[in-house]
Structure formats: C-alpha cells, structure tokens
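What follows is a short report on a single structure.
Start at 1 and go down the list; that is how both ligands and their atoms are numbered. Counting from 1, the numbers follow the sequence of the chain as shown.
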Amino acid sequence: MRALVYHGPMSKAWEEVPQPALEADTDAIVRVDAVTICGTDLHILKGDVPAVTDGRILGHEAVGTVEEVGPGVKNVRPGAKVLVSCITACGACRFCREGRYGQCLGGGGWILGHKIDGTQAEYVRVPFADTSTYPAPPGVSDEELLMLADILPTGYEVGVLNGKVSPGDVVAVVGAGPIGLSAIMGSRLFSPAHIVAIDKADTRLEAAKQFGADVTVNNDREDPTSVVASLTEGLGADVAIEAVGVPATFELAATLIRPGGRVANIGVHGEPATLHLEDLWIRDVTITTGLVDTFSTPTLLKLTSARQVDAQRFVTHHFALDEFMDAYDVFARAGETGALKVVVTRS
Ligand SMILES: NC(=O)c1ccc[n+]([C@@H]2O[C@H](COP(=O)([O-])OP(=O)(O)OC[C@H]3O[C@@H](n4cnc5c(N)ncnc54)[C@H](O)[C@@H]3O)[C@@H](O)[C@H]2O)c1
Ligand SMILES: [Zn+2]
Ligand SMILES: [Zn+2]
C-alpha cells in the first residue's frame, strides 16, 4: 500500500510500504476512506515532536471501513464505517476509567502517527478498536465525521469545557486556525455575550466571523487588550482560550483575563512561556492545560447529526490519496491558500 512517511525534519514521502496486519487480539485493520492533516503534523515535520522517528507513517484522524478485526474485538465488525479517533483508549486503565483517555496508561493515548503508524495511508491498524473507534451515524458524511477525529473535541474539551464558557461570558480566542475556530463554534453552544477572535491573518479572522465570532482583532494592527476592555467595563475576558502554541499568545491570553477568569491553553508548546505570577497571584485566575481526551465525541456526534454543529464548514480543499504531497503543500501555506481542513479521500 501507499502511505505518507516521515523521514526526519522537513522530509516526508508518499511511498510504498507494507500493509499493516493485526498484532493484538483487540486490533482492527481499517481501510482509510477519508483522512486529513493536523497542525500537529506540521509541528512533527519541523522536528518539534522528537518521539516521531524516521519511517513513521503520519496522521491521527480518519474515517474508514473496517477490513478485519482481532478475536478480542467485540463490537466493531468488518464492513462497518467508523471514525478513527486521534486518541486511542485501552478502556481499562485508571485514566480511561475516568474518561481521561489522552493519558491512557494501557498503551493508548495519542499514539497514531506518533508512537505507531498513523492514518495517512491506504490502511491503518487501530489498537483497542472497540474503545478507539465510533460507528458512523446515519446522515453524516465521511468528511463531516472526519472533523470529529481531533479538531472538534479538542476545541470543545480543552478550550470550551476547560474554560467553563457560560451564558453571557465574553470569550477571547487567541488563534483562529481550525482549533481556535472549533473553540469558537463550541463556545456558541453556551450563548456567550461576545466572542472575540484574535489572529494576525485576516483570512483566519474572516473565517472566525463565519464560525461565530462577533468581534475580530488583528493583533498586528490593533491592541486586543483594549478591545476586550471596551467590552467588559475594563475588567477583561471571562474566558481566554489560547489556540496557537507560542509563548507570546499564552502570555497574551493571561493578560486578557479578568479577575476570577479562566485561561484555557490548547496550543502545543515547544518552548517555555513566562507565567507572570507577580501580576496573576492576586487575581484569582485559573489556568488549565490539556491534551484532548475525546470523551466528548459521543456528544459531538449527536450535535453533528442534529445539525447543531456544522462540521462541514471546516472543509476547504479536497485531494485524492495520490495527491497527498499537494495536500500538505496547500495546508502548510494556509495563510495564502485559505486552507482550514484539507480532506484526502480514496478515489
Ligand atoms: N491540546 C491538544 O490536544 C491539541 C490538539 C490538536 C492541536 N493542538 C494545537 O493547537 C494549536 C492550534 O492548532 P491549529 O491546527 O488551529 O493551528 P494553525 O497553525 O492552523 O493555527 C494557528 C493560528 O494562530 C495564528 N497565530 C500565529 N501566531 C499568532 C500570534 N502571535 N498572535 C495571534 N495569532 C497568531 C495563525 O495565524 C493561525 O491562524 C497548535 O499548537 C496545535 O498543535 C493541541
Ligand atoms: Zn491533531
Ligand atoms: Zn487506558
């Protein structure tokens, strides 16, 4: 089969590799029907995630058809259409029992396209298939479903729920890439008073309006703290969601927050950020961090089926599997191409 293989920083190829086979009783082999690329894959290609080594097939998001299951798989059957979640769950360890699947101690967590071969391939081996896949609900297309593999649960859990977005809140979202947009979409479910999207790219700010932000700030041209202050009688945002992953945006989120407010960090950080405790200690501020767990996937599936969440909105570009290198190119130049999520499908 063919797959997108990482060959060290800045190097990747769409190339012939051996087809995956069942390794454990609880594995499934899934034929990939639709797959996408994450901002985290770009971090990997920059060399920011050293656990990913030469020869690794990338990708942690897919929708596919089950080909084969091990004898220990109880619910997932060959022929079924499934969502392959970015987080694999053993289902039995202490953290899985708490729904904290991202921290799985039994061999799960974020492993696809990280510690084991991933989904950017014609076929993928999915460990713990019963607890790491979800059956496709009727009436939801492959590409809508694909948005639930990572970005929708990440924005919702690590941004909206960790930040405890509540009715009437002023929510500031720093970074309007797919993750920030997903946090904006998820925040809307809780009827905030205002959602302020902050980004340096005007294309992303335009997208933020489509996703439910009513105020946009290009922080290259305008000071987001004064915009947020003008909406909050000078107090600051009730919730600030960081969705970029660089020190400057974490520090900005911490300055935007009101006393008693909540900073929810989503970004993957590769270097230290300064925590200004000398300003924050007296302000009763809560700061949360998190790797997505995907415990919210069943909720998001219901919201997508019921058309309360428009997953389709994220999809900007389509490619065939053999065009995977082009898909990466368009996704990596999102500022110019306007790409949010690129969908690569089996033709
Ligand atoms: N915590 C998790 O479980 C989890 C899961 C998935 C992704 N992530 C991380 O979330 C982050 C966002 O992901 P994405 O796919 O949306 O990334 P992205 O690169 O597509 O979007 C980031 C956005 O931030 C903007 N930006 C960059 N620097 C800025 C600055 N100084 N001020 C304002 N805006 C700025 C960019 O213009 C871009 O629109 C990444 O760090 C990604 O790795 C975390
Ligand atoms: Zn991802
Ligand atoms: Zn576990």
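- Taking every heavy atom of Gly175 and a limit of under 4.0 angstrom, the matching atoms of ligand 1 come to 24 (O).
- Of all protein N/O/S atoms, those lying under 2.8 Å from the Zn ion (ligand 2) come to 3.
- Heavy atoms of Ala248 come nearer than 4.0 angstrom to ligand 1 in no pair at all.
- With atom 8 (N) of ligand 1 as the reference point, the heavy atom nearest to it among Val268, Thr249, Val217 is part of Val268.
- Between Asp150 and ligand 1, no N or O atom pair is found at a separation short of 3.5 Å.
- Closest protein heavy atom to atom 37 (O) of ligand 1: Asp199 OD1, 2.6 Å.
- Distances from atom 16 (O) of ligand 1 to the heavy atoms of Ile179, Val292, Asn162 put Ile179 nearest.
- Given atom 41 (O) of ligand 1, the protein heavy atom at minimum distance is Val244 O, 2.8 Å.
- Judged by a 6.0 Å distance limit and a 45° cone about the ring axis, Arg346 is positioned over the six-membered ring of Tyr123.
- With a 4.0 Å heavy-atom cut-off, ligand 1 is reached by the side chain of Thr154 but not by its N, CA, C or O.
- Closest heavy-atom approach to atom 1 (N) of ligand 1 within the set Cys38, Ser182, Gly290, Ala201: this belongs to Gly290.
- Residue contacts with ligand 1, taken as heavy atom pairs separated by less than 4.0 Å, involve Arg204 solely via side-chain atoms from C-beta onward.
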